[in-house]
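In what follows, a single structure is set out as structure tokens and then discussed.
First listed ligand is number 1; within each ligand, the first listed atom is number 1. Hydrogens, waters and symmetry mates are skipped; everything else that's a heavy atom, side chains included, is used.
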Amino acid sequence: MTAPQPKAEGTLPFLPYGRQIIEEDDIAAVSEALRGDYLTTGPLIAGFEKALCASVKAEHAVVCSNGTAALYMAAKALGIGPGATVIVPSITFLATASAPHLAGAEIVFADVDPDSGLMRPSDLEAALARAGGKADAVFNVHLNGQCGAVESIAQIARQHDLKILDDASHAIGTRYRIGGDEKCVGENALSDMTVFSFHPVKTVTMGEGGAVTTNDPQWAEALRLYRNHGMTRDAALFETQEDAFAAPGAPNPWYYELTEPGFNWRATDIQCALGLSQLAKLSRFAARRRALAAAYDSLLAPLAPVLRPVAHSDCQPTLHLYPVLIDFAALGLSRAEAMARLAAEGIGTQVHYYPVHRQRYYAARYGRTELPGADAYYARTLSLPFYAAMTISDVTRVVESLKRIFGL
Ligand SMILES: *Cc1c(COP(=O)(O)O)cnc(C)c1O
């Protein structure tokens with residue numbers, strides 16, 4: 001008998017930092033949509049919206065082509081346009097800032113907690129002060145799937161008459177407590193609107209896709225308008241009476257009215273078929289992510305403080321990413337070198353995120369704001385492989401590689 005040989009490193013599967021999990025029933029759902037009567041504007045659109053409402057306990061959901069479109073539609077529906085100011089934490093994907101900016105707003109970047117990457121109430125207050133004490137909205141980010149001090153943030157925002165949008169692209173399935181009550185991200189217990197992304201690295205995917213939830217029916221109507229060219233077929237909204245109606249109360253069947261030029265940001269029935277199939281698995285995916293995170297947490301515990309998970313906040317997260325904070329200087333290895341060595345061992349990592357206030361465009365537009373929390377988080381963060389198809393032995397493999405590479 002020979003002992004089982006360890007597989008050569010080159011033959012181990014590559015572990016990306018994130019990826020989709022697609023199962024046979026997802027494929028069947030998409031095939032069925034392809035065989036149906038509608039590839040777009042069909043019944044799966046409302047079907048997905050209804051399922052999303054049930055999943056996150058929202059009154060209204062408007063699905064669209066991607067999360068960036070969702071952020072833009074939300075900005076427009078909230079009345080954000082030229083002259084508006086929107087506060088955005090600097091540690092996020094740049095779409096959180098670019099979408100309201102493209103709607104016309106100027107962006108004031110907020111700092112974040114260097115240990116969690118989340119905007120703190122004091123960061124919102126400091127950003128408001130930099131905005132001259134007045135802003136129109138805050139686009140808060142539930143980074144990595146965690147919620148920070150959402151109650152205090154909401155309180156400050158309401159005191160200053162700010163609209164609150166949650167960018168929950170990372171946080172579908174996350175819950176938090178208000179007093180004794182458990183609330184879902186997307187339920188808008190404290191916010192006006194919530195945005196989700198269904199990109200393949202996110203917990204639930206549609207290939208590409210996004211959605212906005214709100215509890216206000218008028219905002220939901222506005223979101224539908226901005227999803228579809230800014231045009232309406234709702235006779236109650238028609239203003240061009242003579243062309244719109246054959247007789248009082250009898251709208252012409254071909255007629256639609258443009259309220260304001262817009263884009264086409266509709267999602268297809270094909271996307272929604274996949275989204276529906278995936279959304280039904282959210283609790284299983286979330287449980288899997290919790291188990292993987294718990295394995296990472298315990299295996300990494302001995303490596304602190306030079307290598308440690310980002311700080312946990314006081315919520316019940318469905319984590320999207322599993323980032324660690326690494327003191328690269330103390331360990332004598334640069335992040336670029338560490339990433340290259342990990343990649344050579346088949347382990348994909350990524351940095352989430354390069355602070356948006358340092359991005360060339362925004363730095364040129366607004367000058368260099370000093371946001372030490374964002375800079376410190378950015379300097380140390382590295383996202384490890386984390387997705388529902390991973391096994392606990394994959395987690396062990398990642399941790400063993402980290403120990404080897406950093407000499408821990
Ligand atoms: C993914 C993501 C977006 C954009 O979503 P897309 O669907 O890729 O357009 C926006 N904000 C955050 C925080 C994201 O992670």
Side-chain angles (χ1 to χ4, degrees), residues 16-20 48 52 61-76 86-103 105 107 109-110 112 116-119 137-148 150 164-174 185-186 191 193-213 223 226-227 263-268 271-272 274-275 278-279 289 310 313 317-323 350-357 359 362 374 377-378 381 383 386-387:
Y17 81 85
R19 63 160 288 150
Q20 70 277 16
F48 178 81
L52 182 61
V62 178
V63 66
C64 60
S65 50
N66 56 66
T68 305
L71 285 163
Y72 183 86
M73 284 163 31
K76 294 290 288 181
V86 174
I87 294 172
V88 176
S90 183
I91 297 292
T92 184
F93 181 55
L94 41 78
T96 318
S98 295
H101 182 54
L102 283 167
I107 308 301
F109 290 101
V112 300
S116 70
L118 299 167
M119 182 177 70
V138 54
F139 279 26
N140 193 15
V141 178
H142 298 323
L143 189 74
N144 304 321
Q146 299 207 85
C147 297
V150 280
I164 305 171
L165 178 134
D166 290 335
D167 182 342
S169 297
H170 293 190
I172 192 160
T174 292
V185 164
S191 47
M193 292 187 191
T194 302
V195 162
F196 294 104
S197 164
F198 303 109
H199 180 277
V201 295
K202 310 289 160 80
T203 297
V204 162
T205 190
M206 299 168 61
E208 294 275 5
V212 188
T213 63
L223 288 164
Y226 291 117
R227 173 172 67 184
F263 295 94
N264 169 3
W265 276 316
R266 297 187 302 264
T268 64
Q271 288 167 288
C272 288
L274 181 56
Q278 289 260 307
L279 200 55
R289 285 172 179 269
V310 300
S313 60
T318 297
L319 292 179
H320 155 55
L321 297 170
Y322 192 90
Q350 193 47 272
V351 174
H352 299 98
Y353 292 94
Y354 179 59
V356 188
H357 78 285
Q359 277 288 352
Y362 291 112
Y377 183 85
Y378 163 65
T381 194
S383 299
F386 192 67
Y387 48 93

When the ring planes of Tyr72 and Phe263 are compared, do they come out parallel, tilted or perpendicular, using 30° and 60° as the limits? perpendicular
Return the protein residues near ligand 1 (heavy atom under 4.0 Å from any of its atoms), ordered by chain and residue number. Asn66, Gly67, Thr68, Leu71, Thr92, Phe93, Thr96, Asp167, Ser169, His170, Ser197, Lys202, Gly209, Tyr353
Under the ring pair (Phe, Tyr, Trp, His ring centres under 6.0 Å) test, residues paired with Phe198 that sit two or more places apart: Phe48
Could you label the plane-to-plane angle of the Tyr378 and Tyr354 rings as parallel, tilted or perpendicular, counting under 30° as parallel and over 60° as perpendicular? perpendicular
Can you label the angle between the His101 ring and the Tyr362 ring as parallel, tilted or perpendicular, going by 30° and 60°? perpendicular
Holding to side chain to side chain contact (heavy atoms under 4.5 Å, CB included), I want the full list of residues that pass it with Gln350, two or more places apart in sequence or in another chain. Tyr17, Met339, His352
Any residue meeting side chain to side chain contact (heavy atoms under 4.5 Å, CB included) with Leu94, in chain and number order, not counting sequence neighbours: Ser98, Val356, Gln359
